[in-house]
Amino acid sequence: MADSARHDARRRAREQRRRKLRHDLHGLVSSSPIAGRTRASAGLLWRAPVWLITLLMAVVLVGVITFGSFRSTGRPAQPAITVSPSASPTPSVSQTPVVAPQTMVPTGEDLADLQAQVAAIENRYGVRVGLAVSGIAPVGAQLDATWTAGSATSGPALGTIDLPIALAVLNLNPVPSNITYLLAKSISGSSLSGDEALYSFLGNGEETATRTNAVLRAYGDQNTTVATSTARQDVPAFSQTDWPVAPQAQMAGQLWCSSDAWYAVSRMHYFDDDHAYGFGSVVGSYLRTSDGVDDNGNPVVRQMAIIPNANGDRIGVGLVVNGARDKLDDVKAAADAVAGRVYFGAVGFDGGHC
């Protein structure tokens with residue numbers, strides 16, 4: 001009897017839970033107001049058995065996964081990736097031959113006038129001027145033909161040769177630890193002793209000249225050779241290198257495009273007041289100025305510059321001015337006059353680019 005009574009009690013309890021469950025489900029479906037239904041549903045779910053909540057969560061999860069699998073993502077399908085069975089890739093060969101860019105010849109009335117103005121400056125100051133202008137170009141290339149003026153074409157490089165020397169030193173491995181000081185002293189400070197210190201890092205004798213010549217060749221100058229000896233005792237041999245203004249201007253234009261040379265080129269933007277004449281008077285110029293005397297004791301000024309012209313185009317410039325003995329001031333004044341004319345007259349070099 002006792003077992004029967006306990007069995008009946010359990011049966012009645014299960015029946016009561018079923019009736020409660022049906023009542024709760026009916027409340028979930030039949031509640032009409034949205035807000036009320038939300039509150040009632042929340043209350044019913046809170047009181048619902050754990051197994052019912054678990055069942056409802058499983059149904060919802062399955063529905064979300066099914067919906068996501070058929071839903072478009074809005075992005076195109078991933079392309080199929082195929083692997084070539086070839087052991088190594090075969091490069092495609094262009095059927096169009098590579099043609100070197102045509103060198104543009106700068107012309108115009110401004111350049112014709114500039115040529116006449118340079119001749120007038122020579123007569124006025126009693127000097128000989130050698131001027132060359134070239135557009136900017138990648139290293140070793142020439143996009144604009146080099147334009148020249150004046151009765152001189154070349155002269156001793158003096159301190160301007162320290163630019164190719166500096167690039168040769170920057171090519172060393174390792175680079176000297178005091179390279180910043182050396183470049184500041186030789187290029188910005190126009191120090192001949194700084195040039196000698198820079199040059200000493202390249203080795204001795206022919207080795208130093210060979211390394212510097214290699215830089216000149218890389219910039220398209222196939223003829224200039226760094227001097228290794230001189231009869232003069234007051235100057236280093238390399239400063240007496242005969243460097244024509246035309247290849248010097250070409251190198252200047254290419255320096256503007258060379259990221260490898262920029263550490264040295266950046267020092268050209270800083271120069272003291274004693275060397276701010278000539279192209280140093282042009283705003284935004286990058287300049288290396290050096291003055292000295294030739295074998296006869298006559299004053300010589302050399303300038304290698306990268307300047308903007310009146311049109312805003314960058315141009316490379318090489319300049320030599322030779323004067324009469326003890327007339328260095330006239331030589332500098334002539335350099336000032338030439339620089340002013342070049343800024344306004346050296347146009348038509350817009351074909352150059354890096």
Side-chain angles (χ1 to χ4, degrees), residues 155-172 174-205 207-209 211-213 215-216 224 226-230 232-243 245 248 251-252 255 261-282 285-295 297-307 316-323 328-329 331-332 335-336 339:
L158 304 180
T160 62
I161 197 66
D162 64 8
L163 286 165
I165 291 173
L167 300 191
V169 173
L170 288 172
N171 287 336
L172 296 176
V175 173
S177 59
N178 60 339
I179 185 64
T180 301
Y181 169 77
L182 291 172
L183 295 179
K185 186 174 182 180
S186 62
I187 298 176
S188 299
S190 298
S191 168
L192 194 57
S193 62
D195 293 343
E196 292 181 284
L198 199 63
Y199 197 60
S200 67
F201 280 98
L202 297 178
N204 296 308
E207 183 182 7
T208 54
R211 291 180 183 272
T212 308
N213 289 337
V215 171
L216 294 171
T224 302
V226 175
T228 57
S229 63
T230 179
R232 296 175 57 176
Q233 302 298 317
D234 58 330
V235 291
F238 61 80
S239 70
Q240 298 306 295
T241 299
D242 186 59
W243 198 2
V245 292
Q248 187 180 49
M251 183 177 183
L255 283 175
W262 193 246
Y263 198 54
V265 174
S266 63
R267 302 312 312 170
M268 297 172 67
H269 198 45
Y270 305 95
F271 42 86
D272 56 34
D273 292 340
D274 290 339
H275 297 89
Y277 59 88
F279 290 103
S281 61
V282 179
S285 63
Y286 288 74
L287 175 71
R288 178 63 173 100
T289 297
S290 183
D291 59 71
V293 295
D294 62 17
D295 292 341
N298 298 320
V300 181
V301 162
R302 289 301 301 257
Q303 288 195 323
M304 182 177 181
I306 310 166
I307 68 167
V317 179
L319 175 69
V320 58
V321 183
N322 300 289
L328 179 59
D329 288 342
V331 171
K332 291 182 177 180
D336 285 336

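Keep in mind the model is a prediction, meaning the values are calculated, not measured.
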To the nearest 0.5 Å, what is the distance between CG (Asp195) and OG (Ser239)? 8.5 Å
Quick check: closest heavy atoms across Gly203 and Thr208, and the distance to 0.1 Å? O-CG2, 3.0 Å
Heavy atoms of Val331 and Pro299 approach each other most closely as CG2-CG, 4.0 Å
Tyr199: what forms a ring-ring contact (aromatic ring centres under 6.0 Å, His included) with it, not counting sequence neighbours? Phe238
Side chain proximity check, His269 to Ser188, heavy atoms < 4.5 angstrom: no
Near Asp234 CG, under 6.0 Å, is it more than 12 heavy atoms from other residues, nucleotides or ligands? yes
Could you state the interatomic distance from CG (Asn298) to CG (Leu328), rounded to the nearest 0.5 Å? 11.5 Å
Report yes if the side chains of Asp162 and Arg267 come closer than 4.5 Å at any heavy-atom pair, otherwise no. no
Backbone N/O of Ala339 and side chain of Asp336: donor-acceptor pair under 3.5 Å: no
Measure the shortest side-chain to side-chain distance between Leu287 and Val282 over non-hydrogen atoms and say whether it is less than 4.5 angstrom. no
Test Leu158 against Trp243 for side-chain contact (heavy atoms from CB on, under 4.5 Å), laying out the working first. CA-CA 9 Å; Leu158 304 180; Trp243 198 2; over 6 Å; no
Angle class for the Trp262/Tyr286 ring planes (parallel below 30°, perpendicular above 60°, tilted otherwise)? tilted
What is the minimum heavy-atom distance between Ala237 and Ala227, and which atoms define it? O-CB, 3.4 Å
Checking side-chain contact (heavy atoms from CB on, under 4.5 Å) between Arg302 and each of Val321, Val245, Thr289, which is the one that passes? Val245
Let me know which of Val175, Asn178, Ile165 forms a side-chain contact (heavy atoms from CB on, under 4.5 Å) with Phe201. Asn178
Nearest non-hydrogen partners of Ser186 and Leu198, listed with the distance: OG-CD2, 3.8 Å
Pairwise distance OG1(Thr228) to CG(Asn213) - rounded to 0.5 angstrom: 9.5 Å
Measuring from atom CD of Gln240 to atom CD1 of Ile161, what distance do you get when rounded to the nearest 0.5 angstrom? 11.0 Å
Shortest non-hydrogen separation from Ala166 to Ile187 and the atoms involved: CB-CD1, 4.2 Å
Once you round to the nearest 0.5 Å, how far does CG of Leu319 lie from CE of Met304? 12.5 Å
Quick one: does any side-chain atom of Gln303 pair with a main-chain N or O of Tyr277 as donor and acceptor, under 3.5 Å? yes
Does the Arg288 side chain pair with the main chain of Gly159, one donor and one acceptor, at a distance under 3.5 Å? yes
Separation of Leu167 CG from Met251 CE (nearest 0.5 Å): 5.0 Å
Side chain proximity check, Val215 to Leu163, heavy atoms < 4.5 angstrom: no
Donor-acceptor contact below 3.5 Å, side chain Thr230 vs main chain Arg232: yes
What one should report as the nearest heavy-atom pair of Gln248 and Thr160 is NE2-OG1, 3.1 Å
